[in-house]
Amino acid sequence: MSTSGVPADALQAVRAARRIVIASHIPMDGDGLGTGLALMRALRPSKDAVHLVTPGYVPRVYTFLAGYDEIVKLGGDQPVPDCDLLLALDAGNAERLGRVLTDRPEGARVLNVDHHISNTLYGDVNWVDAAAGATAELGYLLLVELGVEIDAQAAQALLVALVTDTGRFCYSSTRPRTLEIGAALLRLGADPDTLNLHLYRSIPRGVLDLHARAVQRIAFHADGALALLTVEADFGSDLGVDEEDQKDLVDIPVSVEGVVVAGLFRGLKDGGTKVSLRSNSDAADVAAFAAACGGGGHVRAAGYPSAEGPAQTARAALKGLMQMAAAVSPGR
Ligand SMILES: [Mn+2]
C-alpha cells in the first residue's frame, strides 16, 4: 500500500495493461458511469485501447459528460472488446457485472475496484475500500498515483460520480477525504453549476407526474418508522418515463420525517421484483437485511432481487423491516 492508499497490486495491474475494458454494475449509476468515463479519458493516452462497456441501458441524464457517446453498448451476444484487463468499478459481486465478466476475452485479468462492504472479492486483484464515499474516490486516487493527466472533462465526470453517490456530499459515507477530492476536482476544472442544472434542475414533466403518483402510494408502518412503496412494472408507463426514473422513487419515502427505513418494491418487465432499501440510521442495517435475502449493499443503502411480484415480495419483507425500523428511536 502506497501513501496514497492505492494498493501496489492494483497499481501494477493498470500499469501493465495495454488494452483495458472498464465495466460497472448493471444498470450503471452515476458512480460507475462517471468514474468509468473519467478513467477511460485519462488512461487512453498511455494505452492502446480503453473502452467503457455495458450490456445494460445507459442512464440518459449523463449525456452531458464527455465520452458518453463512446460508451460501448453490448447488445445481444456482441463480444466484449479485446483486452488484457477488465477493470470492474463499483460492482459488489460477479453477478452484478453480468456477462461482461463471464464473456471477457481469455486471459484478461480482473481488477475489482469498489467501496461496497459486501464485496465478494471476485477479482484477480481486489481493491475494496468501504470507507470511500464513492468508487470515484478510488478512481481519482488511482489516476493521481499513475501520474496521468486529469483534464476538466475527466474531473467533471468524477465529480458527477462523487455527488450522485454521496447524496450531494450528505450521506454518512461522506468523509473528509471525499470533500478533499471534491475540492481537487474543482481545481482541475469541474463545474458544479453545470452538474446541478443537468442532474437536479432538469426533471422531465413526466417524472414529476410519476413522483406525484408515487407519493399517493407510500404505505407507512411501525408508527411511521417504515415507509414502503410498491409499484408494478407498468407503473408510469403512460408518462414516457423509464427504469431509472422508477429506481429513484425510493428517495421519496426515505425523505419523510420520522422514517427510519424505506423500501421500494419495483416490479420488472420480465417478471420478478427489484427491492431497494434505504436507512436513516446506522442502527438499522439494510445491508444485512438485503444480504439475508440474496442481495447486498451498504448499511444505509442496499437491495436485493426477488422472483416474486412486487406486492408479494413486500408482504414477505414487511415483518422483518417493521422490526428493524421500530427498534430504532425516531430521533435516529
Ligand atoms: Mn458507488
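Computed from a predicted model, the values in this text were never measured in an experiment. Each ligand, and each atom within it, is numbered from 1 in the order the structure gives. In this chain, numbering begins with 1 at the start of the sequence shown. We use all heavy atoms of the structure for the numbers below, so side chains are in, but hydrogens, waters and symmetry mates are not.
- With a cut-off of 2.8 Å, the Mn ion (ligand 1) has an N, O or S atom of His115 in range.
- A salt bridge is defined here as a Lys NZ or Arg NE, NH1 or NH2 lying under 4.0 Å from an Asp or Glu carboxylate O, and Asp84 with Arg109 fails to meet this definition.
- Asp114 has no carboxylate O lying under 4.0 Å from a charged side-chain N of Arg96, or vice versa, which leaves the two without a salt bridge.
- Side-chain atoms of Thr178 and Glu137 include a donor-acceptor pair closer than 3.5 Å.
- When the Mn ion (ligand 1) is compared with the N/O/S atoms of Asp31, atom OD2 turns out nearest.
- Atom CD1 of Ile117 sits in a sparse spot, with 12 or fewer heavy atoms from other residues, nucleotides or ligands closer than 6.0 Å.
- When rounded to 10 degrees, the angle formed at the Mn ion (ligand 1) by OD2 (Asp165) and OD1 (Asp90) equals 170°.
- For Asp114, every N, O or S atom stays at 2.8 Å or more from the Mn ion (ligand 1).
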